[in-house]
Each structure stands twice: as structure tokens, then as C-alpha cells.
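Structure record follows, encoded as C-alpha cells.
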Amino acid sequence: MKLQYKLAPSLLAADFSCLGNEISRIENEGADYVHIDVMDGLFVPNISIGLPVIRSVRKCTDMFFDVHLMIQEPMRYIENFAEAGADGITIHAEACADIDATIDRIIKMGCKPAISLSPDTDIDVVIPYLDRVNMVLLMSVYPGYGGQKFIERILDKAVALRKYINDNGLDVDIEMDGGIKLANAKRVVEAGVNVLVAGTGVFKGDFKENMEGFKKIFEENS
Ligand code: DX5
Ligand code: ZN
């Protein structure tokens, strides 16, 4: 199956004093998703943005909001994030007591469900849910902070997961998040990842050049 490549700039690396402008910038340069990192200071040792911010930036764009919930027991807040404007909701397998019920809730709220795996979680964990989720997010850093170093061994997880998806005739996106830059994006794509999250890789340095660089890598692999 032909993969549809998508670039999901992470707002975590944007300038929070003018988020509306930052979103327009990525939209004008052809971003596909807006990746929004929600952290609770419990599942991860950091606190980022939450519901009121999502609600207010929802007014700036119709772009797909790819909401990455790094929170303990996300079941408690699925309705709230859906109502705030999430299009896709990603939960962490490690943070959920009942993954099935949480996926059900996301679907019921009209959002696209995805499951994320932290670097040390095996892909076996996600296999039972592959017929129910739109996407699997493989973390290529330990969740909690932007600007960390890419963990190379996660590429093997992507290769194995893409093989399983293909062998079983499934249609599931693989997203990778953490430390992705122009310098390693080609290898990420070659490993079978089709949704690339990049925070500092987009916003640090020459923004326009970064955006164009990612798009070029997608074109070369299409
Ligand atoms: C980390 C977040 C990432 C982060 C990526 O926990 O999930 O989305 O913003 O930032 P970079 O691309 O700078 O590693
Ligand atoms: Zn993220």
C-alpha cells in the first residue's frame, strides 16, 4: 500500500507568546497536522499545555489537531479534549488501565484514536489494537521534553511494526516523535514511518528551509 506522508510540527517548540502566528506559519508552509503535546507532571516529569490553549488555538485553523496525551489515565479527559477541538487523540499504552475502553471513548467522541509506545515498550503491546486505531506513535525519545537526542534503536521497532501491518493487510499510520531532524528524517521514512513529528527540527534554525526539507524527503520517497 502506498503511504501518505504527513508532517506534524510540534507546538512545544513554537513561540508561545504568539501561537496563532506560529500555526499560520506552519499551515502556510504546508504542514499536515498540528502536533499538540499535553503533559500532566505525573506520567511525564513536565507540564505543558492543556485544554484552554487547545480551545483557543482551535479558532486559528482547520488543520488536523494531533493531540498527544502524555497523561495518566487519559480516559478521564477524552470528552474534554474532543470538545476542545482535538481531531486525533493519542494515548500512551503505559498510562491506561483499560486501553480498549479508552479507544472506544475516543471513537465515540468522533476523534481518530492512536496509541503511543514509550521507547522501552515492545510493539507486541499494540498488536491487539491495530484493527481499531488509525495510528501508532513510536516515541523516539523518553516523553516529557522537546529537544532531546533521537534514539536510533526505535527505527527497528518501526521496521517490525510496518512489516506486521503490511503482512496482515492493515491500514495503520506509524508516527514517530522525538529528535527528528532533516538529518535523520530520510532514515525514519525508510523505516516505514509516514507521520513525522518535529519540534525543534522545524522551529529551530531556518523555519522555511526546514519545512521545505521535510517535504522534499517525502516527495523523494513517494
Ligand atoms: C516529547 C514530545 C515531542 C516533542 C518533540 O515528549 O512528545 O512531541 O515536542 O520535540 P523535538 O522534535 O524537539 O524532539
Ligand atoms: Zn509529542
Side-chain angles (χ1 to χ4, degrees), residues 6-16 19 22-23 25-26 29 31-50 53-54 57 63-72 74 77 81 86-95 106 111-121 126 133-155 157-158 173-189 191 193-207 209-211 213-214 217:
K6 305 212 182 284
L7 180 61
S10 165
L11 283 193
L12 201 60
D15 180 349
F16 281 16
L19 274 183
E22 295 286 71
I23 290 173
R25 264 204 318 159
I26 60 173
E29 286 302 324
D32 301 287
Y33 292 170
V34 183
H35 186 82
I36 304 179
D37 290 300
V38 178
M39 305 178 187
D40 66 351
L42 190 66
F43 176 64
V44 289
N46 195 10
I47 296 176
S48 57
I49 51 184
V53 175
I54 296 176
V57 293
M63 257 196 297
F64 188 96
F65 276 6
D66 172 33
V67 176
H68 178 194
L69 295 182
M70 286 162 275
I71 67 176
Q72 202 60 44
Y77 292 103
F81 282 102
D87 294 298
I89 297 184
T90 302
I91 53 167
H92 265 266
E94 305 87 0
I106 296 171
C111 296
K112 293 193 157 58
I115 303 183
S116 180
L117 302 177
S118 289
D120 297 335
T121 307
V126 89
V133 294
N134 289 74
M135 185 171 82
V136 174
L137 164 54
L138 299 176
M139 289 303 298
S140 42
V141 297
Y142 288 90
Y145 298 92
Q148 303 182 74
K149 193 176 175 298
F150 184 77
I151 304 172
E152 292 289 333
R153 67 184 155 83
I154 309 301
L155 290 175
K157 282 168 89 172
D173 289 330
I174 303 181
E175 183 176 51
M176 194 168 275
D177 179 9
I180 298 178
K181 308 269 183 312
L182 286 183
N184 56 17
K186 188 171 187 292
R187 286 185 296 126
V188 171
V189 162
V193 174
N194 65 306
V195 184
L196 274 67
V197 177
T200 46
V202 161
F203 289 98
K204 231 178 157 202
D206 189 321
F207 168 79
E209 240 171 58
N210 293 336
M211 291 290 296
F214 280 110
I217 290 166

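Predicted model, so just to flag it, every value in this text is computed and none were measured. Note that ligands are numbered from 1 as they come in the structure, with each ligand's atoms numbered from 1 the same way.
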Practice task
List every atom of ligand 1 that sits less than 4.0 Å from any heavy atom of H68, numbering the atoms from 1 in the order shown and giving each element.
Solution key: 7 (O)

Exercise for the section: Give the atoms of ligand 1, by number and element, whose distance to some non-hydrogen atom of M70 is under 4.0 Å. Expected result: 6 (O), 7 (O)

Problem - G144 N/O to ligand 1 N/O under 3.5 Å - result: yes

Practice task
Measure from the Zn ion (ligand 2) to every N/O/S atom of D177 and report the name of the nearest one.
Solution key: OD2

Exercise for the section: State the CG-CD1 distance between L69 and I106, to the nearest 0.5 angstrom. Expected result: 7.5 Å

Practice task
Measure the distance from atom 2 (C) of ligand 1 to every protein heavy atom, then report the residue, atom name and distance (to 0.1 Å) of the closest one.
Solution key: D37 OD1, 3.4 Å

Handout entry: Exercise: do H68 and D66 side chains pair donor with acceptor under 3.5 Å
Key = no

Problem - Within-cut-off N or O pair, K181 and ligand 1, under 3.5 Å - result: no

Problem - For atom 10 (O) of ligand 1, the protein heavy atom that lies nearest, with its residue and separation - result: G146 CA, 3.5 Å

Fill in the blank from the handout: In this structure, CG of D40 is separated from CE of M70 (nearest 0.5 Å) by 9.5 Å

Handout entry: Note: K6-E175 ion pair, threshold 4.0 Å (strictly below)
Key = no

Practice task
Measure the distances from the heavy atoms of K204 to every atom of ligand 1 and state whether one is below 4.0 angstrom.
Solution key: no

Completion exercise
So for A198 against ligand 1, with non-hydrogen atoms under 4.0 Å, the contacting part is backbone

Practice task
May I ask you to test the P9-L7 pair for a side-chain heavy-atom distance under 4.5 Å?
Solution key: yes

Problem - Taking atom 14 (O) of ligand 1 as the reference point, the nearest protein heavy atom with its distance - result: G179 N, 2.8 Å

Exercise for the section: Specify side chain, backbone, both or neither for T200, according to which of its non-hydrogen atoms lie closer than 4.0 Å to ligand 1. Expected result: both

Fill in the blank from the handout: Among the N/O/S atoms of H35, the Zn ion (ligand 2) lies closest to NE2

Practice task
Check whether more than 12 heavy atoms from other residues, nucleotides or ligands sit under 6.0 Å from atom NZ of K181, and answer yes or no.
Solution key: yes

Handout entry: Shortest protein heavy-atom distance from atom 1 (C) of ligand 1, along with the residue and atom involved
Key = Y145 O, 3.5 Å

Problem - Proximity winner for atom 9 (O) of ligand 1, if only heavy atoms of A14, S10, G201, G199 are counted - result: S10

Practice task
Could you list which atoms of ligand 1 come closer than 4.0 Å to a heavy atom of G178?
Solution key: 14 (O)

Exercise for the section: Please say whether Y142 places an N or O atom under 3.5 Å from an N or O atom belonging to ligand 1. Expected result: no

Problem - H35 neighbourhood, listing ligand 1 atoms whose heavy-atom distance to it stays under 4.0 Å - result: 8 (O)

Completion exercise
Distance col, row N210:CG vs I26:CD1, nearest 0.5 angstrom, shows 13.0 Å

Fill in the blank from the handout: protein heavy-atom neighbour closest to atom 3 (C) of ligand 1 works out as D177 OD1, 2.9 Å

Problem - Shortest non-hydrogen separation from Q72 to E94 and the atoms involved - result: NE2-O, 4.4 Å

Exercise for the section: Please check if atom CZ in F64 has more than 12 non-hydrogen atoms from other residues, nucleotides or ligands closer than 6.0 Å. Expected result: yes

Exercise for the section: Supply the atom-to-atom distance I36 CD1 to L12 CG, rounded to the nearest 0.5 angstrom. Expected result: 11.0 Å

Exercise for the section: Angle at the Zn ion (ligand 2): provide the value between OD1 of D37 and ND1 of H68, rounding to 10 degrees. Expected result: 90°

Handout entry: Main-chain N/O of G144 paired with N46 side-chain donor or acceptor, under 3.5 Å
Key = yes

Completion exercise
OH of Y33 to OG of S10, rounded to nearest 0.5 Å, is 15.0 Å

Handout entry: Protein heavy-atom partner closest to atom 11 (P) of ligand 1 - residue, atom, separation in Å
Key = G147 N, 3.6 Å

